[in-house]
Amino acid sequence: MERGLLWLPLLVMFFWLAWQGSKEYQKVEAYRVWAEQFERAKYDIYAVLGQKGNNLTWGKPTPQGPIKLETFSLLDVTKIQFLVDEKSVDVENPPDKGRSIELEFLFSKSTGSVRVPFTEIPLAAEWGKFLQRVLQDLRSQPQ
């Protein structure tokens, strides 16, 4: 009887982990379906991000699909900053560690900005480099 009671917490933990894994799988599958409409997309536990042409769409992943989706045009962006722990850093020389990792998009029409969170510094740096190149290309094109 005592041995059974000792194994009960382990059994409960196993079922809890299986349930969490199932929820995460549902999030990834919902993201996969959502991401098919974009040319380039990213998923992590903090945010989903998709790029189609000059538009970026981002939101929060859930098992039912991304929520709180926001879309904005790169044509309205004046600057893209790579933030690690609330400090702007160079995308070419990112730090090794950081708690808060974000790409911040500053807009020309308003004083507001959009911050897209990331879990990994290398992933955020690659997106930052890519989007800065796209932004430069948009500015160099004749209007």
Side-chain angles (χ1 to χ4, degrees), residues 4-143:
L5 290 175
L6 290 174
W7 284 99
L8 185 61
L10 188 58
L11 186 62
V12 169
M13 179 69 92
F14 173 77
F15 281 110
W16 180 79
L17 285 173
W19 179 71
Q20 289 293 331
S22 172
K23 273 182 45 179
E24 194 60 35
Y25 177 76
Q26 289 172 349
K27 281 185 192 179
V28 172
E29 283 301 302
Y31 159 76
R32 187 183 57 74
V33 170
W34 175 80
E36 289 174 353
Q37 63 186 313
F38 297 101
E39 299 163 6
R40 183 177 168 114
K42 80 102 177 168
Y43 168 87
D44 64 34
I45 60 173
Y46 293 138
V48 294
L49 177 65
Q51 183 237 345
K52 186 174 187 179
N54 296 333
N55 292 326
L56 291 178
T57 302
W58 77 284
K60 182 174 174 39
T62 68
Q64 293 76 32
I67 61 169
K68 299 181 182 175
L69 293 173
E70 292 182 37
T71 300
F72 60 91
S73 174
L74 284 172
L75 297 171
D76 298 331
V77 174
T78 58
K79 186 177 183 183
I80 301 172
Q81 292 185 356
F82 180 34
L83 304 175
V84 176
D85 296 332
E86 301 292 323
K87 296 176 191 153
S88 182
V89 296
D90 182 21
V91 292
E92 299 297 333
N93 297 314
D96 294 330
K97 295 180 182 178
R99 289 183 166 277
S100 170
I101 305 151
E102 298 171 315
L103 283 181
E104 181 178 37
F105 300 88
L106 304 170
F107 297 103
S108 57
K109 293 182 180 177
S110 68
T111 58
S113 66
V114 169
R115 287 186 174 190
V116 178
F118 284 75
T119 53
E120 299 177 6
I121 290 175
L123 180 63
E126 287 302 313
W127 268 90
K129 288 178 200 175
F130 172 76
L131 292 172
Q132 285 178 352
R133 279 195 307 270
V134 170
L135 194 58
Q136 286 176 343
D137 291 346
L138 286 173
R139 290 182 181 154
S140 66
Q141 292 177 354
Q143 298 292 344

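Just so it is clear, the values below take in all heavy atoms, side chains as well, and ignore hydrogens, waters and symmetry mates. Only a predicted model underlies this, so the values are computations on that prediction, with no experimental measurement involved. When a residue number appears, it is its place in the shown sequence, counting from 1.
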Working for side chain to side chain contact (heavy atoms under 4.5 Å, CB included), residues Lys52 and Thr57: CA-CA 8 Å; Lys52 186 174 187 179; Thr57 302; over 6 Å; no
Stepwise side chain to side chain contact (heavy atoms under 4.5 Å, CB included) check, Thr78 with Arg139: CA-CA 10 Å; Thr78 58; Arg139 290 182 181 154; 4.3 Å; yes
Stepwise side chain to side chain contact (heavy atoms under 4.5 Å, CB included) check, Lys129 with Arg133: CA-CA 6 Å; Lys129 288 178 200 175; Arg133 279 195 307 270; 3.9 Å; yes
Verdict with supporting geometry, Phe38 and Val48, side chain to side chain contact (heavy atoms under 4.5 Å, CB included): CA-CA 12 Å; Phe38 297 101; Val48 294; over 6 Å; no
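When all heavy atoms of Ala47 and Asp44 are compared, the pair lying nearest together is N-OD1, 3.0 Å. Shortest non-hydrogen contact noted between Ser113 and Leu106 is CB-CD2, 3.6 Å. Nearest heavy-atom pair, Gln64 versus Ala30, reported as atom, atom and distance to 0.1 Å: C-CB, 4.1 Å.
Taking CD1 of Ile101 as the start and CZ of Arg115 as the end, the distance is 13.0 Å to the nearest 0.5 Å. Taking CD1 from Ile45 and CD from Glu24, the interatomic distance works out to 7.5 Å, rounded to the nearest 0.5 Å. Distance CG/Leu11 to CG/Leu6: 13.0 Å, rounded to 0.5 Å. Note: Lys27 NZ to Thr62 OG1 = 7.5 Å, rounded to the nearest 0.5 Å. One finds the OG1 atom of Thr71 at 6.5 Å from the CG atom of Asn55 (value rounded to the nearest 0.5 Å).
Of the possible donor and acceptor atoms, one in the side chain of Gln132 sits under 3.5 Å from a partner among the backbone N and O of Ile80. For Asp90 (side chain) and Glu92 (main-chain N/O), a donor-acceptor pair under 3.5 Å exists by modelled atom type. With hydrogens and angles ignored, the 3.5 Å screen pairs a side-chain donor or acceptor of Gln37 with a backbone N or O of Trp34. For Gln20 (side chain) and Ser22 (main-chain N/O), no donor-acceptor pair under 3.5 Å exists by modelled atom type.
Annotation: side chain of Leu131 is in contact with side chain of Leu56 (closest heavy-atom distance under 4.5 Å). Between Glu102 and Glu86 the shortest side-chain heavy-atom distance falls below 4.5 Å.
Note: Phe130 and Trp127 have perpendicular aromatic rings, judged against thresholds of 30 and 60 degrees for the angle between ring planes.
Counting only residues at least two apart or on different chains, the ring-ring contact (aromatic ring centres under 6.0 Å, His included) pairs with a member in residues 58-97 are Phe72-Phe105, Phe72-Phe107.
Partners of Glu39 by salt bridge (Lys or Arg N to Asp or Glu O under 4.0 Å), not counting sequence neighbours: none found. Residues passing the side-chain contact (heavy atoms from CB on, under 4.5 Å) test with Pro95 are Val84, Val89, Ile121, sequence neighbours excluded.
Dense packing is recorded around CG of Asp137, with more than 12 heavy atoms of other residues, nucleotides or ligands lying under 6.0 Å away.
The pair Glu120-Lys42 does not count as a salt bridge, with every side-chain nitrogen at least 4.0 angstrom from each carboxylate oxygen.
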